[in-house]
Amino acid sequence: MSIQNILEIAVKEAVSSLFSAQLPNVEFQPTRKDFEGDITVVVFSMLRVVKGNPVQIGQDVGEYLLREVEEVAAFNVVKGFLNLVLKDDFYITSFNKIMKNDSFGFVAASNDAVLVEYSSPNTNKPLHLGHIRNNLLGYAVAEILKAAGKKVYKTQIINDRGIHICKSMLAWQRFGNGETPDSTGLKGDKLVGNYYVEFNTAYKKEIDQMIADGVDAKVAEKEAPILLEAQKMLQKWEAGDEAIVSLWKKMNAWVYDGFDTTYKNLGVDFDKLYYESQTYLLGKEFVQEGLNKKVFEQDPDGSVWCDLTDEGLDRKIVLRSDGTAVYMTQDIGTAIQRVKDFSDVNGMVYTVGNEQDYHFKVLFLILKKLGFNWADQLHHLSYGMVDLPSGKMKSREGTVVDADDLMVEMTNTAASISEELGKLDDYTQEEKQGLHKMIGLGALKYYILKVDPKKRILFNPEESVDFQGNTGPFIQYTYARIQSILRKANDTGVVWSTDVDASLELHLKEKELIKQIQLFPSTIQLAAENYSPALVANYVYDLVKEFNSFYQQVSILGEDNFEKKVFRIQLSNRVATIIQAGFKLLGIEVPERM
RNA sequence: GGUGGCAUAGCUCAGCUGGAUAGAGCACCUGCCUUCUAAGCAGGCGGUCCUAGGUUCGAAUCCUAGUGCCAUCACCA
């Protein structure tokens, strides 16, 4: 039973015996640092049940608790706040328990399965900073859900069909001269992306020419020959034209190759991939079923709609008049397919930017109307855009921050800082490289994940990402320092695996650290409930702040009292494992040295 | 125009279900490396929590209205 539960019962008893009143609940909060105490009972909230002066009530309850609850060492009342001081041995006992728990903070896996979708790129462009946020968020949320006891399947849906793909294909056919990733040394996604750009360049040139020849601008945009040819290509693709399909397969393979490299560097992975080209037909069946069930209605021109005006939304199209699928059609099909594939799945998380809030609201509603009981368990993990100081990233204006380039840049920055400090001159080039990547990526990932997903991020490439203060490297550094201490402790042969003597007197900083450590499990739960890696990031930061303060104020290995020394080594070790575990949830690694 | 999100220090962000004197980092100014890694620590400067009402013993937090920024309202994805 947690201390809070013990106190809750005791406070209720106190109120019952002192004032003959029944408290529905007791409000607790951590005592603010400016006051003496560890945990605070808010007396104000009792006033509804107990009439009287809050200070006097607090005093009476405090005396009762001091008498009846073993863990309470002292109390004081400030205004309507009853501050309780807990005994040191309560903290030490609690700490000893935590030290024995190898999976502290983690809930054992259950059969309650959730599918988490993220990344989901188009196959005509390389990944950029926006995708990085998406990937990091999706990956971290998946890990956090696992830690909170869910069974998780990571997945993505790859948008591998449509006119945009044909544009790259056409440009490659025309201007490519048979170039391949091998012949050029370019990553496959970059190569294909270049042809997408080339298409647009050629397209624009044709439009300009047509306008110069007296064609109306809007007409030119629609009738530029190269665009018409791309559309023809799409029709051929849908008809299964062999040459087109094989070109499509070849170029897509290049792109997937490139993506794989980026994902690997970024440290994310997937359990199952879905391809739009394989699922887009599926939704159509259910459109028909929706029609039968009268969930949908058909217009005279053949288009199918879902009327959501009763829910305060619009009428939404689910099938075009020519019978082809729209975005919504495919998403309906994909969702259903996933539940078929993973029969134990009881919920899905869609990691998609907040510009699609409306789409997902509608999608979930439609699935519910179609009668799927799991539709209530769908969650759109909506996140804000990553903006540059110049505004939104636009590929056409060349203001996109490329994912691969950014990772290299971060690694280089980490390298130059590290070299300047020169602490690791005995490392081999290879070891150094690995470390620099770990630090550079740690900085990037932490920078993005510490922000509440809902909020947009302003990314300034010039100022880039900090390595000091509230940053990934700051936290990694603390971890490395602790490892250094542990190495020395082991080298000097200190055995530090024994239980800590509960009669030890705690230093203020030690007590604060234990308090912070105790919060780890509830932080993971809260982060899972809110789908917010930021909560984990900020928790680890607070823990590290607390540790550094402790580290600076007390000597660990230099402590004369052996019991204290052992305790401090254990405490440091526990902090390190929580940093490591917390960062792992964020997909960030920690170094032995830096 | 309808709908949704956001608004906290010069900048970037925390602030859990309403609680005490609103907290960090960066930047700027002071100190601290003959002691476990100074990518660190301690301190200082800096706030109309967008505005106006309301609910409450108590509001950055909840409600209403307004202002600003962003997104969305396509037979695009």
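Fair warning: this is a prediction, and the values are worked out from it, not measured in the lab. A note on names: the letters A, B, ... follow the listed sequences, proteins ahead of strands, and every chain is numbered from 1.
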Hits for side chain to side chain contact (heavy atoms under 4.5 Å, CB included) against N530(A), two or more places apart or cross-chain, chain-then-number order -> L526(A), S532(A), L535(A)
Can you tell me which nucleotide in [options] comes closest to the side chain of [X]?
X: N548(A); options: C41(B), A77(B), A39(B); value: C41(B)
X: R32(A); options: A39(B), A14(B), U21(B); value: U21(B)
X: Q552(A); options: C41(B), U3(B), C36(B); value: C41(B)
X: Q356(A); options: U3(B), A77(B), G40(B); value: A77(B)
X: Q468(A); options: C26(B), A24(B), U37(B); value: C26(B)
X: L535(A); options: C36(B), A77(B), G15(B); value: G15(B)

Rounded to the nearest 0.5 Å, the CD atom of E431(A) sits from the NE2 atom of H436(A) at a distance of 11.0 Å
Value for OH (Y479(A)) from CD (Q580(A)), rounded to nearest 0.5 Å, stands at 3.5 Å
Are [X] and [N] close enough that a side-chain N or O sits under 4.0 Å from OP1 or OP2?
X: K455(A); N: A7(B); value: yes
X: K454(A); N: A7(B); value: no
X: R315(A); N: C73(B); value: no
X: Y477(A); N: A39(B); value: yes
X: K423(A); N: A39(B); value: yes
X: K545(A); N: C41(B); value: yes
X: S549(A); N: A42(B); value: yes

Between [N] and [M], how far is it from one [atom1] atom to the other, in whole Å?
N: G18(B); M: A60(B); atom1: P; value: 13 Å
N: C62(B); M: G19(B); atom1: C1'; value: 14 Å
N: U35(B); M: U8(B); atom1: C1'; value: 41 Å
N: A7(B); M: G40(B); atom1: P; value: 28 Å
N: A59(B); M: A20(B); atom1: C1'; value: 14 Å
N: G44(B); M: C36(B); atom1: P; value: 27 Å
N: A9(B); M: A22(B); atom1: P; value: 14 Å
N: A24(B); M: C57(B); atom1: C1'; value: 31 Å

| message | Does this structure show an ion pair linking K515(A) with D38(A), if we count only N-O contacts that are shorter than 4.0 Å? | response | yes
Taking any heavy-atom pair under 4.0 Å as a contact, classify [X]: base, sugar-phosphate, or nothing.
X: A480(A); value: base
X: M385(A); value: nothing
X: D452(A); value: sugar-phosphate
X: V362(A); value: nothing
X: L458(A); value: sugar-phosphate
X: Q476(A); value: nothing
X: D299(A); value: nothing
X: L47(A); value: nothing
X: Q553(A); value: nothing
X: R48(A); value: base
X: Y327(A); value: base
X: Y447(A); value: nothing

[N] - base-pair partner by Watson-Crick or wobble geometry, distances under 3.5 Å:
N: A71(B); value: U3(B)
N: A9(B); value: none
N: U56(B); value: none
N: A65(B); value: U51(B)
N: C28(B); value: G44(B)

Taking it one step at a time, do K564(A) and E510(A) satisfy salt bridge (Lys or Arg N to Asp or Glu O under 4.0 Å)?
CA-CA 10 Å; K564(A) 276 192 185 176; E510(A) 294 167 340; over 6 Å; no
Comparing V544(A) with D301(A), nearest RNA chain B nucleotide closer to 5' gives the residue V544(A)
Residue pair D314(A)/I417(A) against RNA chain B: nearer the 5' end by closest nucleotide is I417(A)
Ordered by number, residues from residues 38-46 of chain A within less than 4.0 Å of RNA chain B (heavy atoms) are T40(A), V42(A), F44(A), S45(A)
Do the two ring centres, one from [X] and one from [Y], sit under 6.0 Å apart?
X: H359(A); Y: Y327(A); value: yes
X: F44(A); Y: F81(A); value: yes
X: F547(A); Y: F550(A); value: yes

Tell me whether the NZ or CZ atom of R133(A) lies within the 45° cone about the ring axis of Y383(A) and under 6.0 Å from its centre. no
Is there side-chain contact between F567(A) and E559(A), with heavy atoms separated by less than 4.5 Å?
-> no
| task | Give a yes/no verdict on base stacking between A20(B) and F35(A): centres under 5.5 Å, planes within less than 30° of parallel. | result | yes
Return the stacking result for A20(B) and F81(A): yes when the ring centres lie under 5.5 Å apart and the planes under 30°, no otherwise. yes
Side-chain donor-acceptor contact under 3.5 Å, R32(A) with N83(A): no
**Asked** For the base of C36(B), is there a side-chain donor-acceptor partner from S484(A) under 3.5 Å away?
**Response** no
*Counting heavy atoms not belonging to E36(A), are there more than 12 under 6.0 Å from its CD?*
no
Expected label for C62(B) (glycosidic angle, syn inside 90° of 0, else anti) would be anti
